[in-house]
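First the structure, in the form of structure tokens, and then the observations on it.
In this chain, numbering begins with 1 at the start of the sequence shown.
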Amino acid sequence: MELELRGITKRFGSLVANDHIDLAVAPGEIRGLLGENGAGKTTLMNVLYGLVQPDEGEILVDGKQVTIHSPKDAINAKIGMVHQHFMLVPVFTVAENVALGVEQQRKLKIGSLPGIPTGLLDRGRARRQVIELSERYGLQVNPDVRIEDLPVGVQQRVEIIKALLRQASVLILDEPTAVLTPGETEDLFRVMRELREGGRSIVFISHKLKEVQTIADKITVIRRGKVVGERPPSTSDAELAALMVGRPVELKVSKEPAKPADVVLEVTDLTVAGAAGLAAAGQDSRNSVDGVSFQVRAGEILGIAGVQGNGQTELCEALMGLLPSGGQVRLDGKDISRATPHDRLRSGISYIPEDRREDGLVSDFSVADNLVLDLYDRKPFASGIAMDLPAIRANARTLTTEFDVRTSSIDATVGTLSGGNQQKVILAREVGRRVRLLLASQPTRGLDVGSIEFVHRRIIEERDQGVAVIIVSSELDEIYALADRIAVMYEGQITGFRPPSVPVTELGLLMAGVRNGAAADPAGSDGNPDDGPPGGGSAGRTEPT
């Protein structure tokens, strides 16, 4: 099926999200749609899927104009969409989710009479359809498992099966790798290639250069609502980044050697219990964090690497007082082990959480209010018991400009912003004030290359101004680019401390729990001033996305 968009324009008040966009997708083609946060990529696809109505333009399928007022119209036109945030019912099984909206009823045969619908769902048919599509495209999905029990990578496959069951010839994947591990991303790319070989077309929306170059047949670049170029996947990183952002982008992090000073954070034998109920269910109930000890000094960045799910999230939440823990946590020599999250923030800790939607923002609050969530009761944003609204608005105007937050207004609810711009709001709030310790978990998740460049530069500036920094990232490139020391976590323990010059193969073995015969230093002493922490020059190796 050939798909064409002509002159698509969509305005939200004074904001022009799509400005006369033309896009053609050939049968059996993977079209990469590349652009920075807020460029208009998702809006364009929402127009195509009937979630948003365009102000101008037309959509053609096989050369004929079609009208798409709703997702139902899009499905009838054989267009499917997998949203960045999955549209699944957690307590339903895979088969039940796939059947939603296209439910089939079981039929009862009476003698020689034709089958009569009984009013009961034909769950058996839904199961068979899931199994058939799963086997055909190598999706490996169990139709009887509940969605809430599946990892995000498998949930995404369920969304793809839903679209295939509805006979989608064009599949829209909106930021599909945003929540995937590298292994899950490779699995997704394998499935995409299978679909392409089967004649289906795919629109792959992303801001990650390497991924688009790897999987796309052609790349369309959008900047501020306009198409600014079409390029082959062989185009260089630098050219694509410049098209996206409108200026040359430094894809490697340049930094001076760290100059560590006094210990800011000292963690001793920190332990966090495993999830309740695992032992009762017959699963491994080991501690999520198991006797972890380390130090972080002023003016250095400790990068924590590891395959997601090995205790990094629980470590961050314990350091913020969000999870009960054993052991001791000291900040500037003061024991804060039993301090509340409120008190820890007041003590000088800044926190960028892993899950921005659940833990970093209040979706129904305005951008301005979200920028002072942990400061609203302190000067200059409050006087006594009254909030200083002019000061809060002035702060919002300053930070949204400085951090390039794309929003129609500082009064807009933060939930209406794109995922990348929501992340910028959190970063602006947490990095835009003076602190002693910056704790950042996945700080650039969902950000484009220009925003990543800015965030990395700000983190380095924080380090150079004497802030102690902990970075937790599933992106090894980011760890290599930023860290002055690297700690590797495996099954709740630190398996080793290494300099950023460590070979990837050695780091990979540590991430798998192999210590190469060298015992991990529990105090992390290999980063003290006498050891001369590594750094200097250009630590970044490749594009840090």
Distance from [X] atom [atom1] to [Y] atom [atom2], nearest 0.5 Å?
| X | Y | atom1 | atom2 | result |
| --- | --- | --- | --- | --- |
| Ile8 | Asp19 | CD1 | CG | 12.0 Å |
| Gln493 | Asn287 | CD | CG | 9.0 Å |
| Leu23 | Ile222 | CG | CD1 | 7.0 Å |
| Asp343 | Ile349 | CG | CD1 | 10.5 Å |
| Arg429 | Leu373 | CZ | CG | 5.0 Å |
| Ile219 | Leu34 | CD1 | CG | 6.5 Å |

Do [X] and [Y] have side chains that get closer than 4.5 Å, going by heavy atoms?
| X | Y | value |
| --- | --- | --- |
| Glu462 | Ile459 | no |
| Asn46 | Lys10 | no |
| Asp217 | Arg196 | yes |

Please determine if [X] and [Y] form a salt bridge, counting it only when a charged side-chain N lies under 4.0 Å from a carboxylate O.
| X | Y | result |
| --- | --- | --- |
| Lys210 | Asp477 | no |
| Arg31 | Glu230 | yes |
| Asp377 | Arg346 | yes |
| Lys255 | Asp464 | no |

[X] side chain to [Y] backbone, donor-acceptor under 3.5 Å:
| X | Y | answer |
| --- | --- | --- |
| Ser441 | Pro353 | no |
| Arg344 | Ser337 | yes |
| Glu430 | Tyr351 | yes |
| Gln155 | Leu150 | yes |
| Tyr376 | Asn370 | no |

Original post:
For Met244 and Leu209, what are the C-alpha separation, side-chain angles and deciding distance, and is it a side chain to side chain contact (heavy atoms under 4.5 Å, CB included)?
Top reply: CA-CA 10 Å; Met244 285 174 61; Leu209 303 182; 3.4 Å; yes

Determine whether the side chains of [X] and [Y] contain a donor N or O and an acceptor N or O closer than 3.5 Å.
| X | Y | result |
| --- | --- | --- |
| Thr43 | Asn18 | no |
| Lys334 | Ser347 | no |
| Gln465 | Arg434 | yes |

**OP:** For Ile352 and Gln423, run side chain to side chain contact (heavy atoms under 4.5 Å, CB included): C-alpha distance rounded to whole Å, both residues' side-chain angles, the deciding distance at 0.1 Å, then the answer.
**Re:** CA-CA 9 Å; Ile352 299 170; Gln423 185 76 353; 4.2 Å; yes

